[in-house]
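Per chain, numbering begins at 1; letters A, B, ... match sequence-line order. These numbers come from the heavy atoms of this one structure, side chains and all, not from hydrogens, waters or symmetry mates.
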There are 2 protein chains.
Amino acid sequence: MDTADLLERSYPGRRAELKRDIFHKALSLFNEQGIEATTIEMIRAECDTSVGAIYHHFGNKEGLVAALFFTALEDQARLRDAYLDAADTTEKGVQALVFSYVDWVEQQPQWARFQYHARFAVTKGPFKDELAERNKTRNLRLRQWLTQSGRAAELQDLPAELLPSLIIGQADSYCRAWLAGRVKGSPSAYREVLAQAAWRSIRAEGLAEN
Amino acid sequence: MDTADLLERSYPGRRAELKRDIFHKALSLFNEQGIEATTIEMIRAECDTSVGAIYHHFGNKEGLVAALFFTALEDQARLRDAYLDAADTTEKGVQALVFSYVDWVEQQPQWARFQYHARFAVTKGPFKDELAERNKTRNLRLRQWLTQSGRAAELQDLPAELLPSLIIGQADSYCRAWLAGRVKGSPSAYREVLAQAAWRSIRAEGLAEN
DNA sequence: TCCGTTACAGAATAATGTTCTGTAACGGAA
DNA sequence: TTCCGTTACAGAACATTATTCTGTAACGGA
C-alpha cells in the first residue's frame with residue numbers, strides 16, 4: 001500500500017497514466033523542494049512530458065496542488081470511515097479515529113506531509129469553495145458519529161467544537177513531528193498510547209475505569 | 001499587545017522603522033493572499049517603498065518569510081518561558097505550557113497563523129540550519145523542565161518523544177481550527193479545559209485526583 | 001568636515017508561470 | 001472501415017514576478 005496504489009485507486013485506467021505520473025512526481029518534488037520552490041519545468045522534466053500536458057490536466061500549478069490535496073483528503077477519509085464502521089462503542093470510536101489517522105499517515109507519509117503543507121494554499125486559493133463543498137460530504141460519516149445520541153453521557157461535558165481537537169490533536173501533533181523528522185518512533189507504534197490519551201482526556205469520570 | 005508591540009519589542013529604534021513596516025504589511029499580505037500569491041510588488045506598494053529597500057533588508061522573499069517566522073517563534077517562546085518560570089508543580093507546568101500557547105495565539109493571531117503556514121518553507125529552504133540552531137537555544141528552558149528529575153513519577157510511563165505532543169497537541173489543533181475559522185470559541189476561552197485534558201491524558205493514575 | 005557604512009530608489013535582467021496554436025491519438029457513430 | 005468530435009499532448013510565444021545591479025542620499029563616528 002503505497003503512493004502508486006493510492007493513485008491506481010483514485011485515478012484508474014490506462015488513459016490516466018500520465019496524469020498519475022504527474023501526480024506522483026509532483027508530489028515528490030513538492031515534498032522535497034517545497035511547493036513554491038518546485039517549478040513547472042522541474043515537473044515537466046521529471047515526467048518527460050510538456051508543459052501543455054500538465055496545464056491540460058490541471059489548469060495551473062494551483063490546480064495541481066489542489067488536486068493532490070483533494071486526493072489525499074479523500075483517501076484518508078476512506079480509511080477513517082472504514083474504521084469507524086467497525087466501532088461499536090464510544091471508546092472504540094475514539095480509538096478508530098486515532099488509529100485510522102496514524103495508520104494512514106504511516107501508510108502514506110508522502111501524501112500526509114503534502115496535505116499538511118498545502119492546506120493553507122488551498123484554503124485561500126480559488127478552490128476554497130470546492131474544498132468546503134467536499135468537506136461537507138466527505139465528513140458526513142464522522143459528523144454522524146460525533147452527534148450520535150447517547151454519546152454525551154459517556155463523555156465529559158465539553159463544548160462540541162472542542163471535541164475533534166481533543167480526540168485527534170495529540171495524534172496529529174505527533175504525526176507532524178514524525179514527518180518532520182523531529183522524532184523517531186513511528187506513529188502507529190504509539191497508536192494505543194495515543195488512543196488511550198485521547199480517551200482519558202474526554203471520557204466521563206467513572207469510578208472503575210482503567 | 002498587538003502586532004506593532006511585538007515589532008517594537010523585536011526591532012526597536014527609529015532606524016528600523018521601514019523594516020518594521022515591511023514586516024507588518026508583509027505579514028498581513030501573506031496571511032490574506034497566501035505566501036506564494038503575495039508578490040514583492042504588492043509589498044512594495046503597500047509600504048510605499050522600493051524593491052531595492054526590501055531586498056536590502058531581507059535578501060529575498062524567502063529571507064523575509066524566514067525573518068517573520070523567526071520573530072514569531074522567539075516571541076512565542078518568550079511568553080512560554082515566562083509562564084514556565086512561575087510554575088512550581090508538574091501539573092502547573094503542563095498548565096503553563098497550554099496557557100502560554102493559547103494565550104499567545106490569541107494575542108498574536110496574525111503571527112500565529114503565519115507561523116503555521118511558513119514552517120514548511122523555512123524547514124526546507126536555505127534557513128533550515130539557522131532554524132535548527134535557534135531551536136536549540138530557544139527551547140533550552142522547555143527541555144530543562146521536561147527532563148527535570150522526579151517528573152516521571154507524576155506521569156504515566158510514556159515515551160519521552162511523545163510528551164510534547166501529548167501536552168500541546170490538543171491546544172495546537174484547536175488553535176489551528178480557530179485561526180482557520182472552523183470554530184468560534186476563542187482558544188483562551190477554553191484554556192482550562194484544554195489544560196485539564198492534557199493533564200488527564202498524561203498524569204499517573206492516582207486514586208483521589210479530580 | 002571627511003569618509004566609510006547603511007539605507008533606499010528604480011531601471012534592467014532573469015526566472016518562472018501561463019496561454020495559445022497546432023498535431024496526434026482516441027473512441028463511438030454511421 | 002471511415003468519419004468526426006473529443007481528449008491528450010507538444011512546444012514556442014507571452015506575461016508575470018523575483019532578483020540583480022548601479023547609482024544616490026542619509027547617517028554617524030573620527
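- Looking at heavy atoms from C-beta onward, B:Leu155 lies in side-chain contact with B:Trp199 at the 4.5 angstrom threshold.
- No donor-acceptor pair under 3.5 Å is formed between the side chain of A:Arg80 and the backbone N or O of A:Ser100.
- Checked by atom type and distance alone, the side chain of B:Lys61 pairs as donor or acceptor with a backbone atom of B:Thr38 at under 3.5 Å.
- Bracketed by its first and final contacts, the part of DNA chain D lying under 4.0 Å from non-hydrogen atoms of chain B reaches from D:dT17 to D:dG28 in 5' to 3' order.
- With respect to A:Arg138 and A:Asp81, no salt bridge is recorded, no charged nitrogen being found less than 4.0 Å from a carboxylate O.
- Under the 3.5 Å distance criterion, the side-chain polar atoms of B:Ser165 are matched with a main-chain donor or acceptor of A:Tyr174.
- B:Glu106 contributes a side-chain N or O that, together with a main-chain N or O of B:Ser188, makes up a donor-acceptor pair within less than 3.5 Å.
- Looking at A:Glu91 and A:Arg203, no side-chain N of the basic residue comes within less than 4.0 Å of a carboxylate O on the acidic one, giving no salt bridge.
- Between A:Arg134 and A:Glu74 there is a salt bridge, since a side-chain N of the basic residue sits under 4.0 Å from a carboxylate O of the acidic one.
- Counting only residues at least two apart or in different chains, ring-ring contact (aromatic ring centres under 6.0 Å, His included) contacts with residues 105-129 of chain A comprise A:Phe30-A:Phe114, A:His117-B:Phe120, A:Phe120-B:His117.
- A salt bridge is absent between B:Asp5 and B:Arg9: the closest approach of a Lys/Arg side-chain nitrogen to an acidic carboxylate oxygen does not fall below 4.0 angstrom.
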All N/O donor-acceptor pairs, side-chain side in residues 51-60 of chain B, below 3.5 Å, sequence neighbours left out:
| residue | atom | partner | partner atom | Å |
| --- | --- | --- | --- | --- |
| B:Asn60 | OD1 | B:Glu62 | N | 3.3 |
| B:Asn60 | OD1 | B:Gly63 | N | 2.7 |

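- Between A:Phe99 and A:Glu192 the shortest side-chain heavy-atom distance falls below 4.5 Å.
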Paired and unpaired positions of DNA chain D as dot-bracket, Watson-Crick or G-U wobble under 3.5 Å, | denoting a partner strand: ||||||||||||||||||||||||||||||
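- Heavy-atom distances under 4.0 Å link DNA chain C to A:Val51, A:Tyr55, A:Asn60, A:Lys61 of residues 51-61 of chain A, given in residue order.
- Residues from residues 35-50 of chain B that place a heavy atom under 4.0 Å from any atom of DNA chain C, listed by number: B:Thr49, B:Ser50.
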